[in-house]
Structure formats: C-alpha cells, structure tokens
Amino acid sequence: MTIETKQLTVARAAKALKAREFSAVELTEQFLENITAENPNLNAYLEIFEDSLEQAKHADEILGRGEGGVLTGIPIAVKDNILIEGKIASAASKMLENYRAAYDATVIRKLKEQGAVFLGRTNMDEFAMGGSTENSAFGATKNPHDTERVAGGTSGGSAAAVAADMTLAALGSDTGGSVRQPASFCGVVGLKPTYGAVSRFGLIATVSSFDQIGPLTKTVEDAGLMFGLISGIDPKDSTTLLDESRQTSEKEKMTVGIPRHLFKEGVDAGVLQAFEKMAKKLSDRGHRIVDIELPSISYALSCYYVINFAEISSNLARFDGVRYGLHVDGIDLLGDYTKTRGAGFGTEVRRRILLGTYVLSAGYYDAYYGKANTVRQRITNDFLDAFKTVDCIATPTTPFPAFRFGEKNDPLAMYAADIFTVPANLTGMPALSVPMDPVVRDGATLPVGFQLTAPHRGEPALFHLGKILEI
Ligand code: GLN
C-alpha cells in the first residue's frame, strides 16, 4: 500500500486512522520508506528508532478498540535534546554521544499517553547553539529545497524532516529562534510557546530562562493541535504556568503592529516584498495594520547573547566527565575535567562557555550580565507598551532565506540572523512562523517565514491569524 504523505497533515491522518483507511503500521511503514529514500542525503535524522513499528502496532490495538486520542498512531520526530526513556539523547554532541535517557521528558510522556509513534531523533546544532545545524557533531542537515543550503538551526533536523515528508510533525526547542528560524528556511510552520506554557522537564537545558519546546508542522491547525497536547502545568517544572492563565477569547478583527523601523538594514528585498504581501492579506481580511516603534529593540541581540552565554556557562558545568556521558582521563581530577570538556565540546560550545564565564565573573558581572538583565526588562516593557494598542506584532521570521553552507562562518554574522526571533525569548512571549511566498535565489525557490508575536498566553490569536495567512 502506498500512502500519499505529501497531502497528509496530522489532522487529516488522525481522521484517516480513526476511519481505518490505513493502519498506524502502514502509515509508519510509509514514513520509514520516505526516510530510507531521503535521509541519507539530507541527514535530518541521527537515528531511526528500531521499535517504531512496535509502537505503531500498539497504536493499532488502541485504534482497533475504538479508543485513543488525536495523536494515536501519528508519526512524530523528536529533536535530539528531548529525553525519551532508554533512547540516546546526544544533543548532537560528542559529550553525550552514548548517553541514554533514564526517564521521559514531560512532553514525551504526554505524547506517549496519546499513543504517538516516535520515528527517531533529529539532528541539531550542538546543545542548541547555532543557526544552521552546521554545529552538529554528526554532520550538517541539508535543506530539502536546495541541498547546497542549510536547513536552519538549531532544530534543522526537525524542520527538514517535516518539509521532506519524513514525518508528519516534529518537536523542536526554541532558545532564540530555533523552532521558527528552521521552519522559515524549510517552509513549514513553527511555534515558540509562551515561556512556561510547555514543561521543560527532560529537555537538555541550554538557556533555562529562554528555552521552550515547540512543534514544527505543515499547518497552523497541526501546530495548534500539538501545542494543546504538550502544554500544561507540570509539578516537575516550577516555571510552568497555571492552565487558567490561558487566553481563550480571541477577537474576530485584530490590530497588527509592524515595527518597520527594524527593516532598514540587512533585510533581503525579496523577503520584505513577500512580507508586505502577507500584511496586505491581513488588511484585506479586515484586520488593521499599524506602524509601531519598539525603541530598545536595537539592543536585543547584544542582550540576548550576554544572557545566553552566561546561562550556558552555568548549565553546561554539569558535563564534567563524571556524571554524564564522555569521560577522558587526565593526570588528576582537574585534568579529567579539562580533557573531557576539551574533547567533548565543539568550538561554538566552548566559545560560549568561555564568554559566559567572563560576563559572570566578579569584575564584569555588573557591567555585562547585570546590564543585560536591565535591558531585557526594557525590551519586555516595549512589547507590553505596544500590546496596549495592538493584538499582535508582525515581522519576517528571518532577514533572509536559507544561506549556503559555510557562508556564515563568522559567529557574529550567524548571530545577526536572529534579530527577529530573539525578542520572543527575551520577553517570554509566544511567536509563530508561517510560510510566506518563497524567494528565488540562483535558480532555487527558497521559503521564508512570516512571524507573529502575541502577548503572554496569546497563542489563540497567533493560530487565528496564522490560519488566515495560510489561505
Ligand atoms: N541562534 C540562536 C543561538 O545560537 C538560537 C538558538 C536556539 O534557539 N536554540 O543562540
């Protein structure tokens, strides 16, 4: 049996599975076939789980009894930094190459309860640091739309897997854009939920005050479905939010603010054109488009990276060659640490640990880390002020489409690509990337995303507007 996976979404497949048009085993077999055809070239998956058909059989038993939830039998790919009990979770690092998770992340537990089928773990930038998946210790992921270009990062494997029909949906994590940026580059939908909406228990920490797990899907409807199933308060993560704080009401007609003052430099002309076309779509549908100013936003990147480095230097201290993963013998205990960390971490990870240690050091804490936290609050206030008059804020997701491998070897050039995505992590606000008209570069048709940001817990507004933009 051949299943046309191109046209299939989570919502459609769920209906077909319930109607027994095909079984979960047949659906899984089809995706495994797609993976065998595509993955050797794209390197989106680091591992295909050998028990995926077993999982599908179990889902079929549930479906056969007329039971199960929306995701029963639905194939899902999982970023390599989210723990699944008994499986390797390497965060695409040599440090954790052979590390097996001892427990399930909360999001995984929730999806298991649904009867979802985990196909495998997807490639990423090492410890979720980067913007292209080139920092993976296990080779870069190629963009399915042009294999000479990056898939984006850090959830590049998850985005490429959805875009190349190697799964129906994937989980990623977003610290400064890592769900939305690869979604933009690969032409899929990506959601960074409100900070605290989704439990981080079982997510390998990068920057604890920024990290959120989010879905990558083909449609906004699917992103909404996935979000509904993975979110909720969790006693194992004290930063999770009460379900009652969710916004349920949504306005039929909304006001969307655009900070055009941000688009002056470094934004690709083709991207801007596609962006204005999407904005017009919203106004044609009766939504009001207004210009807004976010005065402190020019400091967003510097502020983000200071806090990013600081928290990374602290979070990654746990990889000491004793407790987790790799161990390399040195001449004494300190030697063990330096040898293990030198061998286990890649260049970008070491760079960030060093800079983070510096900005947190006694002499520089106030000048860098302390200042960055003040600026973070200012930026949040800018957004809160703007949300007094608008319901959502729109920008392109990325200033340009997917770039070529090696094109952004200079770390600062790579960081500059995050200009539109980091504010949602600084402020904790939810943001959604939906595909807009692609741009053509050197004969290749390259997707780019339109990003909507809402106030805390405003995901329903994002889904409402996002669905309009898809038509
Ligand atoms: N590119 C950003 C960084 O390198 C975002 C990464 C992420 O969201 N994990 O920090």
Side-chain angles (χ1 to χ4, degrees), residues 79-82 91-93 122-136 140-141 150-159 170-186 190-193 195 198 200 203-216 300-316 345-356 359 372 376 397-400 402-403 407-433 449 451 453:
K79 189 175 180 178
D80 195 26
N81 60 352
I82 300 174
S93 177
T122 52
N123 201 10
M124 55 184 283
D125 286 295
E126 183 178 8
F127 282 105
M129 300 177 204
S132 63
T133 315
E134 291 170 290
N135 292 340
S136 166
T141 297
V150 303
T154 61
S155 314
S158 288
L171 290 181
S173 66
D174 193 309
T175 304
S178 282
V179 164
R180 293 160 285 153
Q181 190 254 33
S184 170
F185 283 5
C186 290
L191 171 74
K192 198 289 281 186
Y195 184 77
V198 177
R200 289 178 294 111
L203 168 69
I204 297 175
T206 302
V207 180
S208 306
S209 77
F210 293 152
D211 298 342
Q212 270 294 287
I213 293 171
L216 293 108
L301 275 179
S302 333
C303 168
Y304 168 84
Y305 275 99
V306 170
I307 297 172
N308 177 290
F309 298 162
E311 290 196 37
I312 281 169
S313 76
S314 157
N315 267 331
L316 271 65
F345 290 140
T347 322
E348 181 63 20
V349 175
R350 275 181 277 149
R351 174 173 19 251
R352 294 196 191 196
I353 291 171
L354 286 173
L355 288 167
V359 301
R376 180 179 190 176
T397 308
T398 50
F400 35 71
F403 42 86
E407 197 181 313
K408 302 219 179 279
N409 271 343
D410 168 10
L412 290 180
M414 187 75 87
Y415 301 165
D418 303 332
I419 175 72
F420 297 128
T421 50
V422 297
N425 305 78
L426 286 167
T427 62
M429 290 166 186
L432 178 77
S433 177
Q451 176 179 250
T453 305

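All ligand and atom numbering here is 1-based and tracks the order in the structure. All figures in this text were calculated on a predicted structure; none of them were measured in a lab.
Protein heavy atom in closest approach to atom 5 (C) of ligand 1: Tyr304 OH, 3.4 Å. Atom 1 (N) of ligand 1 has Gly130 O, 2.7 Å as its closest protein atom, hydrogens excluded (heavy atom only). The protein non-hydrogen atom at the shortest distance from atom 9 (N) of ligand 1 is Ser178 OG, 2.6 Å.
Proximity to Asn308 (heavy-atom distance under 4.0 Å) selects the following atoms of ligand 1: 10 (O). Close contacts of ligand 1 with Thr154, meaning ligand atoms under 4.0 Å from a residue heavy atom, involve 6 (C), 9 (N).
Heavy atoms of Tyr305 found under 4.0 angstrom from ligand 1 belong exclusively to the side chain. If you look at Arg352 next to ligand 1, the close heavy atoms, those under 4.0 Å, all belong to the side chain. At a heavy-atom cutoff of 4.0 Å, ligand 1 is contacted by no atom of Val207, backbone or side chain.
Between Thr175 and ligand 1, an N or O atom pair is found at a separation short of 3.5 Å. Of the polar atoms of Ser173, none of the N or O atoms is found under 3.5 Å from an N or O of ligand 1, judged by distance alone.
Using a 4.0 Å heavy-atom cutoff, Arg180 is absent from the residues neighbouring ligand 1.
Between the side chains of Thr206 and Thr175, no donor N or O sits under 3.5 Å from an acceptor N or O.
In this structure, Tyr415 has its ring center at least 6.0 angstrom away from the ring center of Tyr304.
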Could you go through the side-chain contact (heavy atoms from CB on, under 4.5 Å) check for Arg376 and Ser209 one step at a time? CA-CA 11 Å; Arg376 180 179 190 176; Ser209 77; 3.0 Å; yes

